[in-house]
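For reference, the structure is listed below as structure tokens.
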Amino acid sequence: MASGDYDIIWKETMNQIREELGEQEFAMWFNLEYLDASENELTIGVPSTFYQDQVRQRYQLYIENKIRELIGKNLPINFIVNTRQMEKAPALPAGSEKTSTSTMTKSVSSTNKESKKPHSQLREDYTFNTYVIGDNNHFAANAALAVALNPGTTAYNPLLIYGGVGLGKTHLMQAIGNEIHKKSENKIIYITAETFTNEFIQAVRENNTATFKNKYRFVDILLIDDIHFLQNKKETQEELFNTFNALYDANKQMVFTCDRPVSELKDFNDRLQNRVGRGLNVDLQIPKYETRFAILKKKIEPYNINISDEVIELISRNISTNIRDLESALNKLVAYTDIIKKPVTLEIAQEQLRDNFMSPKQSNLSIEIIQREVADYYGLSLGDLKGKKRTQRIVFPRQLAMYISRKLTDYSTIEIGQSFGGRDHATVIHSCDKIEGIIRADPKVESKIQNIMNIIKTHGVKS
Ligand code: ADP
Ligand code: MG
């Protein structure tokens, strides 16, 4: 066959699939580009490694079967990452943006029924319109939009949004709720896992679980935020498991958020873990500079306020932890201008935000907090982490804890070594090098580590 023939076969396959799956699903998962072919393989480009994983898992066999039906022989597909496709954001109007960020305004606002009363459990400003799409979240945002447009579709049920603190999980989840609320009479419940737990405990105490069950098993859309909170809560997990099954069987949409992939939850009912992870899992990453800039611009829109792009740039460059930190810096300036009634100059911004810009090192964070959190995250004991055992299961968390101690505190390598069962400073340096090497080799690990650091920072501040 000539290579042009393969191109035609590919197009025909895609046409058939589009018909079969519908525009929504197709637009989301078939940002695929025909690159090359030989007698025994098709090479198809995908926009990212995440996409690559998902497409392999979900559609590879399906597409290969389609091709076999067409040409009567097997032609395996090799999906390779082709960053050029990144710019073509899949389902959403990419708009005319220069920074590769956009919001979802166009695709959803056409169906507005503006006059409806807001949903009492949802923040009105957490909508798709105010959610800036960037490199860090476009899959998650697409998935969320797909859910909002077609709730209950098996392929996205449940939707799990995971990622570190302040990266936009709650906003996205509530955007789904707001969008569905605006357009339908669906009964929607938004609840944090913590409140869900408390309500359940109270229901048990008051001998009134029937009311509790009725409340959650007869909704159309159930949004449960921060399910990592359910770790160690055996009875509540069991209850959620039953709720899940009832809703799933009735094709009711569920959305969960979590601060880590479900596979990394500890003390979590296996069957529930399996159910929660069985739909679509999408993650939120830390946004790059352009996206941070775009988010801040978006955040000041509703205020009639004079903050220059220079100042926005300053904040976006200096704060790269998460969006919540970015916003709190902005709010500080907004409050300040409110008082002085003058435009914020670069100097004023520098001065006012000095604390926010300080290095991520936090003086109140102890090595022990870091050790406890890392041990906890990996299901190890503190003794294991500090001890002498050298199994791989322990060595990586141990090295990681040293690396994080180095990153987040001002302790010297000597002091860190001492806190890890009296190791010497060379061991600490070696561990840090090791982790840095791993990060360089696999950028996915970096965001995972960043997530763990975010968890440590929030817990560290609380304790
Ligand atoms: P999480 O639930 O992951 O901790 P939140 O959803 O509470 O994070 O987000 C923290 C803040 O950042 C919120 O004010 C939210 O509106 C804002 N935010 C996060 N992501 C975006 C985004 N892509 N565009 C606009 N605002 C965002
Ligand atoms: Mg949240």
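Atoms within a ligand are numbered from 1 in the order they appear, just like the ligands themselves.
Protein neighbours of ligand 1 below 4.0 Å, counting non-hydrogen atoms: Tyr126, Thr130, Tyr131, Val132, Asn137, Gly164, Val165, Gly166, Leu167, Gly168, Lys169, Thr170, His171, Ile295, Lys299, Ile323, Arg324, Glu327.
Within a 6.0 Å sphere centred on CD of Gln121, other residues, nucleotides and ligands contribute more than 12 heavy atoms.
Under the 6.0 Å distance and 45° angle rule, Arg278 counts as a cation-pi partner of Tyr248. Relative to the six-membered ring of Phe241, Arg271 meets both conditions, a distance below 6.0 Å and an angle of at most 45° to the axis. For the pair Arg292 and Tyr289, the cation-pi test (distance below 6.0 Å, angle within 45°) is failed.
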Task: side chain to side chain donor-acceptor pair (under 3.5 Å) between Tyr216 and Glu199, worked out - done: CA-CA 11 Å; Tyr216 290 102; Glu199 272 187 25; 2.8 Å; yes
TODO: I would like to know whether Asp135 and Thr291 meet side chain to side chain donor-acceptor pair (under 3.5 Å); could you show each step before the answer?
DONE: CA-CA 7 Å; Asp135 52 296; Thr291 310; 2.7 Å; yes
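Scanning for ring pair (Phe, Tyr, Trp, His ring centres under 6.0 Å) contacts around Phe30 gives Phe26, Tyr59, with sequence neighbours left out.
Take a cut-off of 2.8 Å around the Mg ion (ligand 2): the protein N, O or S atoms inside it are Thr170 OG1.
Every pair passing salt bridge (charged side-chain N to carboxylate O under 4.0 Å, His left out) that includes a residue from residues 257-269 is listed here, sequence neighbours excluded: Glu264-Lys448.
Classification of Glu436 and Arg440 as a salt-bridged pair fails, no side-chain N sitting under 4.0 Å from a carboxylate O.
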